[in-house]
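Inspection log for the structure reproduced underneath, given as structure tokens.
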Amino acid sequence: MDSKKRSTLLTISAIIAGYAALRTVPSLLPEKLELEALDRPKGFRRFIAGETSGSFDAFVGLDSPDSVDVAARKAAAIERVSADICGALYGDLDMSRARIPLASFSDYYCPFCRVQTKSFADMTSKMPDQVAIAWHELPLLGDSSNLAAKAALAAKRQGAYVAFQERLMTSPFQATPEYLARLSEDLGVDGEQLVADMESPEVARELENSAALAQVFAFVGTPALVIGRTVVQGQVSDRMIRRIIDLEREEGWDVACVSA
């Protein structure tokens with residue numbers, strides 16, 4: 001076989017090998033941004049992304065300080081958030097610098113959430129004028145998840161939400177009262193106040209609102225996101241998040257808030 005033919009065969013083999021790699025390694029394939037319009041809530045659309053953890057009713061396991069039954073609490077919370085979807089999603093985020101809002105729903109023991117939360121934290125530090133994030137606790141993976149979510153929201157009352165979130169998202173330990181007491185001491189948080197706030201009506205209401213939003217948007221697990229008016233279910237790449245952010249900026253994300 002002459003050198004020209006050998007070179008041609010090598011080139012063809014390289015092309016075939018490269019194509020096979022693209023077929024077998026999904027991360028190398030270009031992601032398609034396929035959006036499905038939602039009937040409810042009006043004005044939003046959905047993008048189905050990657051893997052999720054958990055798949056049951058977000059209200060299960062949420063204790064009520066006033067012992068109201070779960071069905072009544074669920075109905076009240078869904079009515080509450082449906083009256084102002086964007087307000088429930090994004091709260092009092094500062095939109096004065098034309099940033100795109102992102103609502104992140106996560107569980108501290110969802111492995112995909114741990115990766116994605118770190119990515120979001122890095123993104124906001126690098127793009128503070130472009131993205132603003134509202135964090136929602138959606139504990140779906142049992143008692144430790146619920147305890148960790150309550151602790152993070154209680155820590156928020158003392159200005160320590162981010163510190164608690166970072167530690168809980170990276171810790172190999174499951175949340176227990178003893179672990180949370182040590183964590184509070186380590187981070188300079190008032191442990192007694194933390195315990196009291198964990199069982200407060202305000203923390204219960206935040207958890208119920210996030211659970212209600214999960215019901216409204218039909219989330220089937222964590223991680224889940226709403227970027228502007230694009231609902232994202234499952235793990236998603238940073239590259240795709242940036243594509244959606246650009247699309248929201250181009251099309252105007254707040255049209256959903258006008259029509260919701």
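Fair warning: this is a prediction, and the values are worked out from it, not measured in the lab.
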Do [X] and [Y] touch side chain to side chain, with heavy atoms closer than 4.5 Å?
{"X": "Val203", "Y": "Met198", "result": "no"}
{"X": "Asn146", "Y": "Leu207", "result": "yes"}
{"X": "Pro223", "Y": "Thr117", "result": "no"}
{"X": "Gln116", "Y": "Leu225", "result": "yes"}
{"X": "Phe112", "Y": "Ser106", "result": "no"}
{"X": "Gln193", "Y": "Arg157", "result": "no"}
{"X": "Phe164", "Y": "Lys156", "result": "no"}

Answer yes if [X] and [Y] sit in the same cluster of Ile, Leu, Val, Met, Phe, Trp and Tyr residues linked by side chain heavy atoms under 4.5 Å apart, and no otherwise.
{"X": "Val115", "Y": "Val236", "result": "no"}
{"X": "Leu33", "Y": "Val131", "result": "yes"}
{"X": "Leu180", "Y": "Phe173", "result": "yes"}
{"X": "Val195", "Y": "Leu147", "result": "no"}

Assess whether atom [atom1] of [X] is packed by more than 12 heavy atoms of other residues, nucleotides or ligands within 6.0 Å.
{"X": "Glu185", "atom1": "CD", "answer": "no"}
{"X": "Arg40", "atom1": "CZ", "answer": "no"}
{"X": "Asp186", "atom1": "CG", "answer": "yes"}

If you round to the nearest 0.5 Å, how far is [atom2] of [Y] from [atom1] of [X]?
{"X": "Ile241", "Y": "Phe47", "atom1": "CD1", "atom2": "CZ", "result": "10.0 Å"}
{"X": "Ile245", "Y": "Met127", "atom1": "CD1", "atom2": "CE", "result": "4.5 Å"}
{"X": "Arg80", "Y": "Arg73", "atom1": "CZ", "atom2": "CZ", "result": "10.0 Å"}
{"X": "Leu187", "Y": "Gln158", "atom1": "CG", "atom2": "CD", "result": "10.5 Å"}
{"X": "Leu168", "Y": "Leu183", "atom1": "CG", "atom2": "CG", "result": "6.0 Å"}
{"X": "Asp190", "Y": "Asp197", "atom1": "CG", "atom2": "CG", "result": "9.0 Å"}

Passing candidate, salt bridge (Lys or Arg N to Asp or Glu O under 4.0 Å) with Lys150, options Glu206, Glu202, Glu199: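 Exactly one candidate clears the test, Glu199.
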Over all atoms of both residues, closest heavy-atom pair of [X] and [Y]:
{"X": "Leu194", "Y": "Ala155", "result": "CD1-N, 3.5 Å"}
{"X": "Glu248", "Y": "Arg229", "result": "OE1-N, 3.0 Å"}
{"X": "Phe219", "Y": "Gln233", "result": "CA-OE1, 3.2 Å"}
{"X": "Tyr161", "Y": "Glu137", "result": "OH-OE2, 2.5 Å"}
{"X": "Ser210", "Y": "Phe105", "result": "O-CE2, 3.7 Å"}
{"X": "Leu141", "Y": "Asp107", "result": "N-OD2, 3.0 Å"}

message: I'd like to know if the side chain of Tyr90 reaches the main chain of Ala132, judged simply by a donor and an acceptor atom lying under 3.5 Å from each other, with no hydrogens or angles considered.
response: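 Such a contact is absent between Tyr90 side chain and Ala132 backbone.
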message: Treating Arg46 as the side-chain partner and Leu35 as the backbone partner, does any N or O pair qualify as donor plus acceptor under 3.5 Å?
response: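 Absent.
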message: Check this for me, if you would: do Asp122 and Lys118 make a salt bridge, where the nitrogen-to-carboxylate-oxygen distance has to be below 4.0 angstrom?
response: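 Salt bridge present between Asp122 and Lys118.
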query: Does Phe44 have its ring centroid less than 6.0 Å away from the ring centroid of Phe217?
result: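 Yes, close enough.
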- request: Determine the interplanar angle of the Phe120 and Trp135 rings, folded into 0 to 90°, and report it as parallel if under 30°, tilted if 30 to 60°, perpendicular if over 60°.
  value: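 Taking Trp135 first and then Phe120, their aromatic rings sit tilted (interplane angle of 30° to 60°).
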